[in-house]
Amino acid sequence: NIIRNTMNMSLIIYLVPAALFGTFLGTMFIWSVAFGPAKVKKQMVVCYKFNENTPKEQVEKHIGDFLELKKSNKQIVNYTAGYTVGHGDKKPDFDVMHYLTFKTEEDIAKFKQSASYQKFVNTHKNEWEAEFVINADIK
């Protein structure tokens, strides 16, 4: 009997924490599925054509300043940028492209209205010959 009681006690000592841990993990899994992060559903592409005599350093500053927008606007889920490329000998229509993703259209609107974006536009708008913005759903 003493051996049997000792074995039952050992079994309880190991099974109770395992059951509690399993319950905790199951609860966390269900919680993450039910209340997990919203999916990224919107994308925004912004292209800029710079004035003819805009120095390369100023274009680089433009790209750096746009990157800072990612850091200061929580609405932006992801961001990439780069110089555009032409086709063969044809020069591209725009010089720089920025690609951003958002969760909702409301997030895009908040980003465009943010003080940091407005400051970016006011700082750099005199350098641009043209700006092209297109928003789309992510499928």
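One-based numbering along the sequence shown. Just so you know, these numbers use all the heavy atoms, side chains as well, and skip hydrogens, waters and symmetry mates.
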Exercise for the section: Treating Ile, Leu, Val, Met, Phe, Trp and Tyr as nodes and any side-chain heavy-atom pair under 4.5 angstrom as an edge, say whether V121 and I108 lie in one connected cluster. Expected result: yes
Practice task
Report, as yes or no, whether the 6.0 Å neighbourhood of atom CD on E105 holds more than 12 heavy atoms from other residues, nucleotides or ligands.
Solution key: no
Handout entry: Set of residues satisfying ring pair (Phe, Tyr, Trp, His ring centres under 6.0 Å) with respect to F132, sequence neighbours excluded
Key = F94
Practice task
Return the set of residues passing ring pair (Phe, Tyr, Trp, His ring centres under 6.0 Å) with Y48 (not counting sequence neighbours), or none when no residue passes.
Solution key: H62, H98, W128
Problem - L100 side chain reached by Q43 side chain, heavy atoms, under 4.5 Å - result: no
Exercise for the section: Calculate, to the nearest 0.5 Å, the distance between atoms NZ and CZ belonging to K125 and F120 respectively. Expected result: 12.5 Å
Exercise for the section: Determine the minimum heavy-atom distance between K70 and N78, stating which atoms define it. Expected result: CE-CA, 4.2 Å
Exercise for the section: State yes or no: do I63 and M97 share one hydrophobic cluster built from I, L, V, M, F, W and Y residues joined by side-chain heavy-atom distances below 4.5 Å, directly or via other members? Expected result: no
Practice task
Mark yes or no for whether D95, through its side chain, and K49, through its backbone, hold a donor-acceptor pair below 3.5 Å.
Solution key: no
Practice task
Please round to the nearest 0.5 Å and tell me the distance separating atom CD of Q118 and atom OG1 of T123.
Solution key: 11.0 Å
Fill in the blank from the handout: CG of N51 to CD of Q58, rounded to nearest 0.5 Å, is 11.0 Å
Practice task
Flag the pair V133 / M44 as yes when at least one side-chain heavy-atom distance between them is below 4.5 Å, and no otherwise.
Solution key: yes
Completion exercise
With sequence neighbours left out, the residues meeting side-chain contact (heavy atoms from CB on, under 4.5 Å) with N126 are none
Exercise for the section: Please work out whether the ring planes of Y117 and F111 are parallel, tilted or perpendicular, with thresholds of 30° and 60°. Expected result: tilted
Exercise for the section: Grab the two heavy atoms, one from F102 and one from Q75, that are nearest each other, plus how far apart they are. Expected result: CD2-O, 3.2 Å
Practice task
Can you measure from CG (L69) to NZ (K119) and round to the nearest 0.5 angstrom?
Solution key: 10.0 Å
Practice task
State whether Y83 and K56 meet the cation-pi test: NZ (Lys) or CZ (Arg) under 6.0 Å from the six-membered ring centroid, and within 45° of the perpendicular axis.
Solution key: yes
Exercise for the section: Side-chain contact test, heavy atoms from C-beta onward, threshold under 4.5 Å: evaluate it for T84 versus V96 and give yes or no. Expected result: no
Handout entry: Heavy-atom side-chain contact between E131 and V46 under 4.5 Å
Key = yes
Exercise for the section: Answer yes when K41 and D137 have at least one side-chain N-carboxylate O distance shorter than 4.0 Å, and no when they do not. Expected result: no
Handout entry: Beyond-backbone contact of V85 with P92, side-chain heavy atoms, under 4.5 angstrom
Key = no
Practice task
Any chance you could measure I76, atom CD1, to S114, atom OG, to the nearest 0.5 Å?
Solution key: 7.5 Å
Practice task
Would you mind reporting whether T101 and K42 have side-chain heavy atoms less than 4.5 Å apart?
Solution key: no
Practice task
Determine yes or no for a side-chain-to-main-chain donor-acceptor pair under 3.5 angstrom, with S72 supplying the side chain and E68 the backbone.
Solution key: yes
